[in-house]
Amino acid sequence: MLKNKKIRGAKFAQSPNFSSQHLLIHKPLIQEMIRLAHINSNDTVMDIGAGMGAITLPLTEKAGMVLAVENDPVYAEKLAQKTKDISNVRVRQADFLQTDLPRDPFSVVSNIPFSITTPILDKLLGYPGVPLKYAILIVEKGAARRFTSVPITDPRILKWRMWFEFQIVRTVSPEHFSPRPRVDSAVLIIRKKKNPLVPPQDHAKFMALAVHALRDPRLPFSAALGDVFSPAQITKLARALKLDRNVSICTLNEQQWGDVFLSMMRHVEPYRRPRLRNSVSPKNKYRR
């Protein structure tokens with residue numbers, strides 16, 4: 001669990017991500033996000049990029065513990081002062097990407113910094129062993145569309161979607177923030193799947209397959225997987241998936257990708273399976 005970090009009140013430099021911080025000022029939207037999270041008094045909830053506590057403070061009224069992470073030292077100091085008499089909140093002035101995650105199940109309700117949206121999601125979703133239950137996030141609308149789009153062309157997003165469900169709830173206009181962003185935002189719900197097709201311990205093997213197969217998302221199914229499966233296996237697999245072997249590989253849905261992976265693990269010799277040269281997801285650290 002995160003612990004309070006003493007923050008000195010001298011002159012503070014702005015954080016590197018300060019320009020991407022658009023503070024949420026619309027209280028009804030904040031309450032809507034908290035309702036969507038279905039928080040109870042036993043829950044641990046993180047607020048990433050907590051600012052001065054617009055989401056953190058209402059969360060303390062619902063959750064058992066709130067972990068507020070804010071990189072900007074000025075904002076973090078103000079939030080620490082606001083919450084000094086609240087027992088169920090921990091404020092940490094830190095870069096979230098370098099912050100330990102809880103070992104026990106937790107959720108996230110946050111207006112995350114737009115400039116590091118993808119790294120934040122990769123830290124939360126890149127390793128299925130992270131005990132994240134769900135997240136209610138405000139992100140740029142364009143990013144929300146990429147995360148939920150069909151076809152799936154990005155292997156990292158595909159990997160996330162094998163273990164998590166993504167849903168755009170609503171558009172958020174720039175008027176809900178200070179300063180106002182130049183683009184619309186969206187409320188995005190991310191829920192961990194109860195019965196994922198790919199076992200969590202095989203996440204790296206699945207990622208290797210996704211990176212290999214989507215090296216050119218326009219490739220036909222047969223060409224994208226032709227150096228993994230034999231011609232006879234490709235024919236049989238296409239028939240089982242009920243798709244044309246010449247369809248673009250990026251048009252496969254999550255169910256079909258799961259079936260491809262499981263077929264590879266059952267029928268393809270290990271030496272033919274793709275391997276990752278370098279780790280794609282950052283190493284996560286956990287603390288109680």
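Values below: all heavy atoms of this structure, side chains included; hydrogens, waters and symmetry mates excluded.
Residues Asp154 and Arg146 are not in side-chain contact: their nearest non-hydrogen atoms beyond the backbone lie 4.5 Å or more apart. Using a 4.5 Å heavy-atom threshold, the side chains of Thr251 and Leu243 count as separate. At least one side-chain heavy atom of Pro179 sits less than 4.5 Å from a side-chain heavy atom of His22. Gln167 places none of its side-chain heavy atoms less than 4.5 Å from the side chain of Thr148. The shortest distance between side-chain heavy atoms of Thr83 and Thr60 does not fall below 4.5 Å. The shortest distance between side-chain heavy atoms of Met33 and Asn111 does not fall below 4.5 Å. Annotation: side chain of Asp184 is in contact with side chain of Pro174 (closest heavy-atom distance under 4.5 Å). Side chains of Val187 and Leu29 form a contact here, defined as non-hydrogen atoms less than 4.5 Å apart.
One N or O on the side chain of Arg272 and one on the backbone of Val228 form a donor-acceptor pair closer than 3.5 Å.
Here Arg156 pairs with Asp122 in a salt bridge; the nearest charged N to carboxylate O distance falls below 4.0 Å.
The aromatic rings of Trp257 and Phe206 sit perpendicular to each other, their planes meeting at more than 60°, with 30° as the lower class boundary. Between Trp160 and Phe166, the ring planes are parallel. Angles under 30° get that label, and only those over 60° would be called perpendicular.
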Output, in order, the C-alpha distance, side-chain angles, deciding distance and verdict of side-chain contact (heavy atoms from CB on, under 4.5 Å) for Leu36 and Tyr134. CA-CA 10 Å; Leu36 287 170; Tyr134 53 80; over 6 Å; no
Which is it for Leu59 and Ile39 under the side-chain contact (heavy atoms from CB on, under 4.5 Å) test, yes or no, and what are the steps along the way? CA-CA 8 Å; Leu59 281 176; Ile39 298 167; 3.3 Å; yes
side-chain contact (heavy atoms from CB on, under 4.5 Å) between Thr171 and Lys141, intermediate numbers included: CA-CA 7 Å; Thr171 297; Lys141 190 172 183 179; 2.9 Å; yes
Could you walk me through whether Leu124 and Phe106 pass the side-chain contact (heavy atoms from CB on, under 4.5 Å) test, one step at a time? CA-CA 11 Å; Leu124 292 172; Phe106 71 100; 4.2 Å; yes
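The shortest non-hydrogen separation linking Ser110 to Asp47 is OG-OD1, 3.5 Å. Between Pro217 and Ile249, the closest heavy-atom pair is O-CG2, 3.5 Å. Between Ala76 and Val91 the shortest heavy-atom distance is O-CG1, 4.0 Å. Leu23 and Gly51 get closest at one heavy-atom pair: CD2-CA, 4.2 Å. Across all their heavy atoms, Ile234 and Gly226 have their closest contact at CD1-N, 4.4 Å. For the pair Ser107 and Leu132, the tightest heavy-atom approach, listed with the atom from each and the gap, is CA-CD1, 4.1 Å.
Residue Phe96 holds its CZ atom at 8.5 Å from CD1 of Ile116, rounded to the nearest 0.5 Å. From Leu197, atom CG reaches atom CD of Gln255 across 4.5 Å, with rounding to the nearest 0.5 Å. Atoms CG and CG, on Asp104 and Asn42 in that order, are 12.0 Å from each other to the nearest 0.5 Å. Atom NZ of Lys159 sits about 14.5 Å away from atom CD1 of Ile152, to the nearest 0.5 Å. To the nearest 0.5 angstrom, Asp72 atom CG is 12.0 Å from Asp95 atom CG.
Val172 and Val183 fall into different hydrophobic clusters, where Ile, Leu, Val, Met, Phe, Trp and Tyr side chains are chained together by heavy-atom contacts under 4.5 Å. Leu219 and Val211 are not part of a single hydrophobic cluster, where members link through side-chain heavy atoms under 4.5 Å apart. Clustering ILVMFWY residues whenever any of their side-chain heavy atoms sit less than 4.5 angstrom apart, transitively, puts Val247 in the very cluster that holds Leu214. Note on Ile25 and Val74: separate hydrophobic clusters, where clusters join Ile, Leu, Val, Met, Phe, Trp and Tyr whose side-chain heavy atoms are under 4.5 Å apart, directly or indirectly.
A donor-acceptor pair shorter than 3.5 Å cannot be found between the side chains of Asp43 and His38.
A 6.0 Å sphere centred on NZ of Lys192 holds more than 12 heavy atoms belonging to other residues, nucleotides or ligands. The number of heavy-atom neighbours closer than 6.0 Å to CZ of Arg275, taken from other residues, nucleotides and ligands shown, is 12 or below.
When each of Leu137, Leu125, Thr118 is checked for a side-chain contact (heavy atoms from CB on, under 4.5 Å) with Phe147, only Thr118 meets the rule.
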